[in-house]
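See structure below.
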Amino acid sequence: MSIMFSGVGVSRGIAIGTVHRLQRHDIEVGEISLNSQDIPAEIERFNTAVDTARTQLHNIVDNIPLTLNVEIGAFIEAHLMMLDDDILAEGTARIIKERQCNAEWALKLQMERIGQVFDAMEDEYLATRKNDISHVIQRIMRALQNIGPPEHDHDPQVWEGKIVVADDLTPADTIVMQHHGVAGFATESGGPLSHTAILARSLDIPAVVGLHEARRYIRDGEPIVVDGNIGLVLVDPHYEAVEYFNSKRNRYLRKRRELVKIKDAPAQTLCGTRISLQANIETEADVAALRKVNAEGVGLYRTEYLYMRHTDVYPSEQEHYDSYIKLVRALKGAPLTIRTVDIGGDKEIQHTQAGTVAHNPALGVRGVRLCINEPAIFLPQLRAILRASAKGPIQILLPMLTNVEEVMQIKRLLENTKSDLRNDGHKFDENIQMGGMIEVPATAIAAQQFVRHLDFLSIGTNDLIQYTLAIDRVDDQVNYLYDPLHPAVLMLIGNIIKAGDKQNIPVSMCGEMAGDSRYTRLLLALGLRSFSMPANALLEVKSVINNSSLGKLDTHARKISKCDNPLKQIALLDKLNTGIESIAH
């Protein structure tokens with residue numbers, strides 16, 4: 001009997017094959033009391049296990065096939081950095097000494113401490129990094145127990161053509177399985193911003209996550225379909241369903257092959273309007289994907305990754321500068337928009353004033369609020385951005401703005417920092433542009449006030465939608481309410497764009513909505529002319545733009561914006577997107 005599961009499609013494409021269940025259990029550990037004379041040996045045993053885990057990850061990086069993107073190894077490098085982080089190594093050793101306990105128990109306690117910090121984080125990207133910490137710690141646990149690395153649990157030959165069903169997958173799993181021909185993934189946990197999801201997209205492996213308890217109903221060897229486009233998994237499908245998905249997969253693959261042909265073509269509507277298409281990135285490794293699709297630059301560089309390397313100290317000015325310079329050089333003259341740090345007071349760090357966990361991190365000291373409250377955190381980043389601006393085109397993007405006074409305070413800090421740099425003999429772009437993320441409804445409503453004090457705006461739809469609709473899109477109980485087509489959301493987006501046009505300053509969109517081709521024509525009709533998105537979404541969005549005529553879109557867009565019935569809205573959106581001919585001519 002066929003069973004259908006609905007999850008979150010995190011990597012597009014359709015896979016048809018048979019199930020290979022990946023069943024792993026967390027290693028059960030207990031506390032063992034040690035004598036004081038045994039503590040040095042226990043710490044050495046722990047350090048040896050960390051070295052073993054490090055060697056395993058280096059072996060994976062060294063054996064990544066040359067046919068794969070060479071930057072893929074950066075995801076494993078992220079796990080290597082976590083192994084080298086003092087909070088993990090020194091924190092665990094400290095617990096061994098203080099509690100006089102075995103390394104496994106100390107590591108478990110340290111994981112719980114780190115997990116509490118990550119659980120409190122409002123920023124979705126940072127919160128998903130808890131999974132990476134867990135993967136690293138499980139690898140160390142296996143080394144402590146003399147169990148082989150996770151990727152050796154199964155014969156590599158079993159992966160070819162199979163669809164892996166698991167609780168979760170590590171980046172190492174993903175890379176090894178892709179090398180051995182896995183057809184697709186379906187996991188019970190995970191999210192669209194996890195490293196596994198990002199990797200699956202980079203490697204073009206269809207994947208669906210968030211299939212809670214699906215493994216209870218799925219057996220090894222069963223036929224299965226994974227549709228990463230719509231987040232659907234179909235187990236034991238009927239013959240007619242297999243034929244349907246085969247046909248859908250072939251159409252999708254043909255479309256992907258056609259998209260490559262427009263890589264070097266400009267993004268331009270049929271009526272001749274040029275549209276700017278840039279990419280969102282999180283690390284230097286993402287620049288390779290940007291080049292593959294010929295993006296015009298970086299519309300959003302999330303700098304939180306720099307802060308993830310430290311949980312008890314913030315990155316130095318030099319660390320910031322080194323990272324930005326690498327990006328400037330890699331972009332070879334293309335613009336780089338750096339979003340200043342968007343972490344909040346929910347991050348439990350003792351040496352900051354904002355050390356207490358907020359009751360509601362979404363409404364607490366985060367983003368630009370933290371930068372103003374804690375200049376010791378913000379100023380090293382600001383100095384580094386300015387110094388790097390001497391080497392290439394850089395813009396500053398301020399997150400989580402709620403009132404104009406915040407902009408004015410940052411401007412004063414910027415001018416003071418410029419003065420300090422001049423005194424220190426550093427060069428920088430004297431006219432560096434500063435923009436604001438519009439992701440709070442109050443800011444969107446009052447956008448006409450902000451445009452008078454900023455050089456550009458960037459619409460962050462992820463938070464804007466969540467704040468507007470009072471829902472958390474990663475909360476399974478309410479995420480069905482996450483609706484980019486809600487009339488209030490469309491009204492706010494339209495208001496932001498109109499405010500920018502009136503003041504003649506650029507307005508871009510860098511949220512997920514910008515990279516979803518279903519909304520491209522609607523956003524064009526609302527007046528958006530600059531998009532920033534994950535690189536792997538860019539060519540599909542460009543294709544829609546290149547086959548759209550602005551004059552044909554307005555009527556449909558107005559109907560969608562005014563419609564108060566979600567089902568009718570979807571039907572109207574489908575009509576807007578139906579066929580190139582009906583829209584273009």
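Everything numeric in this text was worked out from a predicted model, so none of it was measured. All values below were derived from every heavy atom in this structure, side-chain atoms included, with hydrogens, water molecules and symmetry-related copies excluded.
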Quick one: does Asn102's side chain have a donor or acceptor within less than 3.5 Å of a partner on Gly30's backbone?
yes
Does Leu107 reach the side chain of Ile96, with side-chain heavy atoms less than 4.5 Å apart?
no
Report yes if some heavy atom in the side chain of Met533 is under 4.5 Å from a heavy atom in the side chain of Val541; otherwise report no.
yes
Backbone of Leu398 reached by a side-chain donor or acceptor of Arg339 within 3.5 Å:
no
Supply the atom-to-atom distance Thr340 OG1 to Met437 CE, rounded to the nearest 0.5 angstrom.
9.5 Å
Contact check, side chains of Leu109 and Arg99, non-hydrogen atoms, under 4.5 Å:
yes
Would you call Asp463 and Val440 a side-chain contact if the rule is heavy atoms closer than 4.5 Å?
no
What I want to check is whether the side chains of Asp168 and Thr187 have a donor and an acceptor closer together than 3.5 Å.
no
Please check: side-chain N/O of Glu374 versus main-chain N/O of Cys371, any donor-acceptor pairing under 3.5 Å?
no
Name all residues meeting the salt bridge (Lys or Arg N to Asp or Glu O under 4.0 Å) criterion together with Glu540; count only those two or more places apart in sequence or in a different chain, and write none if there are none.
Arg12, Lys255
For the CD1 atom of Ile95 and the NZ atom of Lys108, what is their distance to the nearest 0.5 Å?
11.0 Å
Contact summary for Glu188 and Ala214, nearest pair of heavy atoms:
OE2-N, 3.1 Å
Find out whether Phe378 and Leu370 are in side-chain contact, i.e. whether some heavy atom of one side chain is under 4.5 Å from a heavy atom of the other.
no
Determine the minimum heavy-atom distance between Leu290 and Ala279, stating which atoms define it.
CD1-CB, 3.7 Å
Only residue of Arg387, Gln381, Lys391 satisfying side-chain hydrogen bond (donor to acceptor under 3.5 Å, both in side chains) with Tyr324 is Gln381
Lys97 with Glu90: basic N within carboxylate O range, under 4.0 Å
no
Please answer whether the main-chain N or O of Arg142 pairs with a side-chain N or O of Gln145 as donor and acceptor at a distance below 3.5 Å.
no
Working to the nearest 0.5 angstrom, can you tell me the gap between Ile14 CD1 and Tyr252 OH?
8.5 Å
When you compare the side chain of Val19 with that of Lys162, does any pair of heavy atoms fall below 4.5 Å?
no
Got Ile205 and Phe185 here, is their nearest side-chain heavy-atom distance under 4.5 Å?
yes
For Val225 and Val235: C-alpha separation, side-chain torsions, deciding distance, then whether side-chain contact (heavy atoms from CB on, under 4.5 Å) applies.
CA-CA 6 Å; Val225 173; Val235 182; over 6 Å; no
Decide side-chain contact (heavy atoms from CB on, under 4.5 Å) for Ile338 and Leu397; before the verdict, give the C-alpha distance in whole Å, the side-chain angles of both, and the deciding distance to 0.1 Å.
CA-CA 6 Å; Ile338 300 177; Leu397 181 59; over 6 Å; no
Heavy atoms only: give me the nearest Val287-Ala330 pair and the separation to one decimal.
CG1-CB, 3.9 Å
Test side-chain contact (heavy atoms from CB on, under 4.5 Å) on Thr461 and Met509 and set out the steps.
CA-CA 7 Å; Thr461 54; Met509 179 181 287; 3.6 Å; yes
Spacing of CG belonging to Asp227 relative to CG belonging to Leu234, to within rounding of 0.5 Å
10.0 Å
Distance (rounded to the nearest 0.5 Å) between Ile147 CD1 and Arg139 CZ
12.5 Å
Under 3.5 Å, is there a donor on one side chain and an acceptor on the other for Ser33 and Gln100?
no
Gap between atom CG of Asp322 and atom CG of Leu327 - 0.5 Å precision:
11.5 Å
For a quick check under 3.5 Å, do Gln395 and Thr337 share a side-chain donor-acceptor pair by atom type?
yes
Side-chain (Arg21) to main-chain (Ile218) donor-acceptor, under 3.5 angstrom
yes
For Gly17 against Ile163, the heavy-atom pair lying closest together:
N-CD1, 3.6 Å
Would Val165 and Leu22 count as a side-chain contact (heavy atoms from CB on, under 4.5 Å) if you check the C-alpha gap in whole Å, the side-chain angles of each, and the deciding distance to 0.1 Å?
CA-CA 6 Å; Val165 177; Leu22 184 62; over 6 Å; no
Do Ile39 and Leu34 have side-chain heavy atoms sitting under 4.5 Å apart?
yes
So which heavy atom on Glu104 is nearest to which on Met141, and how close?
O-CE, 3.2 Å
Please confirm whether the backbone N or O of Cys510 pairs with a side-chain atom of Asn280, one donor and one acceptor, at under 3.5 Å?
yes
Answer yes if the side chains of Asn462 and Gln466 hold a donor-acceptor pair under 3.5 Å, and no otherwise.
no
Check whether any side-chain N or O of Gln278 sits under 3.5 Å from a backbone N or O of Ser532 as a donor-acceptor pair, and report yes or no.
no
Thr18 and Ile224: which non-hydrogen atoms are nearest, and at how many Å?
C-CG2, 4.0 Å
